[in-house]
Amino acid sequence: MENEIQEARPLNFLEKIIEDDLANGRVPNNTIVTRFPPEPNGYLHIGHIKSICINFGLAEKYHGRCHLRLDDTNPAKEDMEYINSIKDDIRWLGFDWGKYEFYASDYYDQLYEIAIRLIKEGKAYVDDLSAEEMKEYRGTLTQPGRNSPYRDRSIEENLRLFEEMKEGMHPEGSKTLRAKIDMASPNINLRDPALYRIKFATHPRTGDKWCIYPMYDFTHPISDAIEGITHSICTLEFEDHRPAYDWATSIDGIEHTPHQYEFARLNVTYLLMSKRRLLYLVNNKFVTGWDDPRMPTISGIRRKGYSPESMKDFVSRVGVAKVEGMVDYSLMEFCVREDLNKRAKRLMAVLDPLKLVIDNYPEGQVEYFEAENNPEDPEAGTHSVAFTRELYIEREDFMETPVKGYHRLYPGNEIRLKYAYYVTAVKVDKDEDGNIVAVHCTYDPESKGGTTPDGRKVKGTSHWVSADHVLKAEVRQYDKLFKAEVPGAATGNYLDDINPDSLVVIPEAYIELEAAKAKVGDYLQFIRNGYYCVDSKDSRPEAMVFNRTCTLKDSWAKQKKKMGL
RNA sequence: UGGGAUGUAGUGUAAUGGUAACACUGCAGAUUCUGGUUCUGCCUUUGGGGGUUCGAAUCCCUCCAUCCCAGCCA
C-alpha cells in the first residue's frame with residue numbers, strides 16, 4: 001500500500017474551496033465538474049499545461065469530471081487545425097476527457113433563444129452605435145459612460161432588428177446586441193456589454209449557418225451552466241469579468257449556477273506565453289512552425305524531447321496561487337533532467353570529432369564492450385559498442401596545453417575511454433595551419449573494461465566512437481529562443497532579444513551504432529553532452545536527425561567561465 | 001486621479017494567533033567509469049509604519065509597490 005500513501009502536500013486555495021463546498025453540500029450530486037476551455041485560435045503552450053493540470057487534476061482528485069470545451073465563438077481567428085492540435089496535446093499530457101467534448105458552438109441555438117428572452121424581458125437591446133461611438137459612450141476608467149441613444153428601443157423593434165441581424169440583413173459593425181446593465185458601473189465590463197456581433201465569417205464547425213456570434217461574457221458562463229460545471233476556473237485577468245459571469249448565470253431560466261475562480265497564469269523566464277506573439281514568430285519564420293522545438297508550445301517541447309511527466313511535475317512544483325509571478329526557467333530544466341535522468345538511454349555521441357589513434361593497439365582488431373543503457377536503472381540492461389585502433393573523441397576533451405583544472409586528455413596525461421581502456425596522450429598531428437588533426441596515444445592493455453589491477457585512478461573519462469563503427473547523423477543543438485529573462489524588457493521589443501544561436505546544426509555527428517535503433521519518442525542521453533530525441537518530422541532511417549532536449553548540468557563550463565576562459 | 005486583485009529568501013510555494021518552512025537557483029565540499037547522478041553543508045525571507053494581544057506573516061488601521069480592466073477578442 002506504499003503507493004497509496006498520499007504525498008502530504010498542503011492544499012492550494014482551489015482545493016480548499018472545493019473541499020469546503022463538498023463538506024457543506026454546495027456541490028450538486030457531490031460531483032465536481034471542471035472544464036478546460038481553450039479558444040482554438042492557436043497551439044497550446046506551457047501556460048496552458050498549468051490550466052490543464054489544474055482542471056483535469058482537480059476533477060481526478062475529487063472523482064469528478066473535466067470537460068474539454070473549445071470556446072469557438074470567434075470564427076475570424078479559429079481553425080480546425082488548432083482544434084486538432086489542442087486535442088492531441090492534451091492527450092499527450094495524459095489526460096482524457098472521455099465523452100465530455102463540447103464546443104461553445106454547440107450552444108448557439110440555446111444562446112440565441114436566451115438572447116431573445118432577454119430582449120423580451122427588456123434586458124437586452126440592439127444598438128446601432130459604431131465601434132468608435134460605443135467606445136466614446138463607454139466612458140473611461142475614471143468617468144462613467146452614457147446611455148446609448150438606442151438603449152430604449154421597444155421590445156418589438158429590438159426583436160425585429162435582432163432577427164434581421166441573424167438573417168444577414170445588416171452589415172458587419174452596423175449593429176450589436178447589448179445587455180442592458182449599467183453604463184455608470186465602475187466595472188467597465190458591466191457597462192452594457194455586447195452580447196452578439198455580426199460577422200460574415202465561415203465558422204470551422206457551423207460553416208455559414210450563422211452570421212451573428214455570441215461574445216465571451218455571454219457564452220462562457222451559459223456554456224458552463226448548461227454543462228453543469230461546478231467550478232469554473234480561469235486566470236486572474238478575468239476577475240473583472242466575474243460580475244458579468246454572475247449576471248449571465250442569473251438570467252431567468254438558467255437553473256445551474258457555476259462559480260468562477262481565478263488563479264495566476266504561469267509565466268516562465270526566457271519564454272513568451274502569448275498566442276499573438278507566438279503566431280507572429282511562426283508567420284514571420286523566426287521558427288519553422290508551431291512545433292518548432294524552440295517554441296514554448298506543447299507540440300514544440302514534445303518535439304524537443306520533453307516528457308509529459310516532467311511537465312506535470314513542473315507545474316505541480318510551481319503550485320497554484322493568486323500571485324502574478326515569474327517562475328525560473330531553471331526549475332523547468334530541473335524537472336526535465338530529473339525525469340530524463342531516470343529513463344534516458346545512454347549513448348556515446350561525438351559531436352565535434354577529433355581523431356584519436358592508439359599507436360600500440362593492433363590494427364584491424366575489434367573489441368566489443370558492454371555499455372550500460374542507464375546507470376540509474378540496472379534493469380535497463382546493456383548494449384555493446386565496438387572499439388578499434390582509430391577512434392573519435394570530443395575535440396573539447398583534448399588540450400595541447402591544459403588550463404588549470406583541466407583533467408581530460410593532454411600530452412602525458414592518462415584518462416579513461418569509457419567502458420574500454422586507459423589511454424595516455426603521446427603526440428599530436430597537425431596540418432599546415434597548425435590545427436590538430438589527430439592525437440596519438442598509447443593504451444594500457446591491463447586497464448581493459450575501464451579499471452586497472454593496480455587500482456590507479458584517472459581524473460577524466462571520455463566518451464568515444466570507433467572510426468569504423470559509426471552512425472553519421474544530423475544533430476540539432478537547440479537553445480533558448482530568447483536570450484533575455486524577460487524578452488523585450490530592455491528595448492520594449494521582444495524581437496531584439498532573439499537568440500541568434502538558438503539552433504546550431506551539426507550536419508554530421510559521429511554516434512555509436514546503437515543509436516540507429518532509436519525511434520521517435522525515445523528518450524536518449526548522449527553521455528556528457530545532454531538529452532536528445534529523434535526528430536519526429538525530419539528524421540529518416542537512412543538520415544537520422546537528433547534534437548537536443550536540454551543540456552546536462554555542466555560545472556566545468558561554470559568553472560571555466562569563472563576563470564574567464 | 002474609477003474599479004478589481006496581489007505583496008513571505010534571488011524564484012515559486014507552505015505555515016491562518018503559538019519556534020518561519022519546502023523546492024529550485026547560487027556557493028562550498030564528498031562520492032562517482034558521465035566535470036552527469038547521488039550525498040553533506042552554507043547563504044538569504046514575512047513591502048513600510050502604527051495598533052490589538054502574553055504572543056502577529058496571520059486580526060485592525062494606514063501608507064507604499066506591483067499587476068489587470070476603457071475589443072463588436074478570449
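Chain letters run A, B, ... following the sequence lines, proteins first, then strands; residues in each count from 1. Source: prediction; values computed, not measured.
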Take the angle between the ring planes of A/Phe387 and A/Trp464 and call it parallel below 30°, perpendicular above 60°, tilted in between. perpendicular

Can you tell me which nucleotide in B/rA74, B/rU34, B/rC69 comes closest to the side chain of A/Gln525? B/rU34

Short side-chain N/O contact to B/rC73 OP1/OP2 from A/Lys275, under 4.0 Å: no

Taking the ring centre of each residue, are A/Phe369 and A/Tyr419 less than 6.0 Å apart? no

Nucleotide of B/rG71, B/rU37, B/rA70 approaching A/Met215 most closely (side-chain heavy atoms): B/rG71

Want to settle it: does A/Asn12 or A/Ser555 sit nearer the 5' end of RNA chain B, counting the closest nucleotide to each? A/Asn12

Specify whether A/Tyr213 and A/His203 have parallel, tilted or perpendicular ring planes, treating 30° as the upper limit for parallel and 60° as the lower limit for perpendicular. parallel

Upstream residue (5' side of RNA chain B) when A/Lys418 and A/Lys175 are each assigned their closest nucleotide: A/Lys418

Parallel, tilted or perpendicular: ring planes of A/His220 versus A/Tyr245, cut at 30 and 60 degrees: tilted

Does B/rA74 have OP1 or OP2 under 4.0 Å away from a side-chain N or O of A/Thr73? yes

Can you find a side chain N or O atom of A/Arg197 that sits less than 4.0 Å from OP1 or OP2 on B/rC73? yes

Look at the aromatic rings of A/Trp556 and A/His407 and report parallel, tilted or perpendicular, splitting at 30° and 60°. tilted

A/Glu514 and A/Lys345 ion-paired at < 4.0 Å: yes

Report yes if a donor N or O on one partner sits less than 3.5 Å from an acceptor N or O on the other, where the partners are the side chain of A/Asn187 and the base of B/rG4; otherwise report no. no

Side chain of A/Glu376, base of B/rG36: donor and acceptor closer than 3.5 Å? yes

Out of B/rG35, B/rG71, B/rA74, which nucleotide sits closest to the side chain of A/Asn74? B/rA74

Looking only at side-chain atoms of A/Leu141, point me to the closest of B/rC68, B/rG36, B/rG2. B/rG2

Per-nt protein contacts along nucleotides 19-28 of chain B (heavy atom under 4.0 Å; B base, S backbone sugar-phosphate only, - none) come out as ----SSSSSS

